[in-house]
**Q** 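If you scroll down you'll find the structure; I have some questions about it.
Indexing begins at 1, ligand by ligand and atom by atom, following the structure's order.
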Amino acid sequence: MRVLLRSMLFALVCLGGVTAWNYAQEYLSGIVWPMPPIIKPGDAKTAPSDAVVLFDGKNLDAWVNGEKWKIKDGVATASGGGIHTKQGFGDCQIHLEFATPAKVEGSGQGRGNSGVYIMGRYEVQILDSFDNETYFDGQCGAIYKQQPPMVNASRGPGEWQSFDIFFTAPKFHADGSLKKPAYLTVVHNGVLIHNHVELSGGTSWSEPPRYSSHPEKEPLHLQFHGNPVQFRNIWVRENMQALVGKK
Ligand code: MG
């Protein structure tokens, strides 16, 4: 009897659920959205169709001092000084691939050091951090002297690695004071290592981080720190704005 009652109760609840579902109305926001632009997403070797290609293996014409770096077999090797883009970027998504030298030399900050300086002043560190101790806020993927990566996702010397960086540029008032800080999200070899981290300012080796007013768009800089770090497949996307709908 008790089993029968329980079965009847179960059937009633189910029926009620089905009835409620039948009479529910679809939620409509009332917002009319513009159509998201259609792009080609690219693959392991090619950039998305709406990206600014900064290095596709052929030349470094998009860079100032690019002639200093050696290009061979589609790979650019850091040499003789840093390079920076002719074009400035503000909010952006950056993709690049790098390999620290296969022949291991030096230790700590002296092994496979380079860096991605967003706007020429906010560095995501490149370093051989595979079995190579250094200070944690200076290891590979660190926001230099501000935030260590959540995990060390480094591959070994000579192996290709990737950074996918999502950057929100800082905003300044007309008097030069800070209006909104910069934010960084970084994926290293497919692994999230920074999730919307607020920057405290520029990343200096010798000074505490602080902001100083700068233009809305500034060149991207790749560091030469004396080590022949290799690069390939570098591109930037500037479309970081959410679609805006109308009610
Ligand atoms: Mg560096």
**Q** Got a second to check how far Tyr211's OH is from Leu199's CG, nearest 0.5 Å?
**A** 5.0 Å
**Q** If you link I, L, V, M, F, W and Y whenever their side-chain heavy atoms are under 4.5 Å apart, who else ends up in the same group as Tyr27?
**A** none
**Q** Checking one residue: Ile38. Which other hydrophobic residues are in its cluster under the side-chain 4.5 Å linking rule?
**A** Met35
**Q** Where the side chain of Lys179 meets the backbone of Pro170, is there a donor-acceptor pair that is under 3.5 Å apart?
**A** no
**Q** Around the Mg ion (ligand 1), how many protein N, O or S atoms are found at less than 2.8 Å?
**A** 5
**Q** Please write out which residues are connected to Tyr117 in a hydrophobic cluster, directly or through intermediates, given that two of Ile, Leu, Val, Met, Phe, Trp, Tyr count as joined at side-chain heavy-atom separations below 4.5 angstrom.
**A** none
**Q** Please confirm whether Arg232 makes a cation-pi placement over Trp160, using NZ or CZ under 6.0 Å from the six-membered ring centre and within 45° of the ring normal.
**A** yes
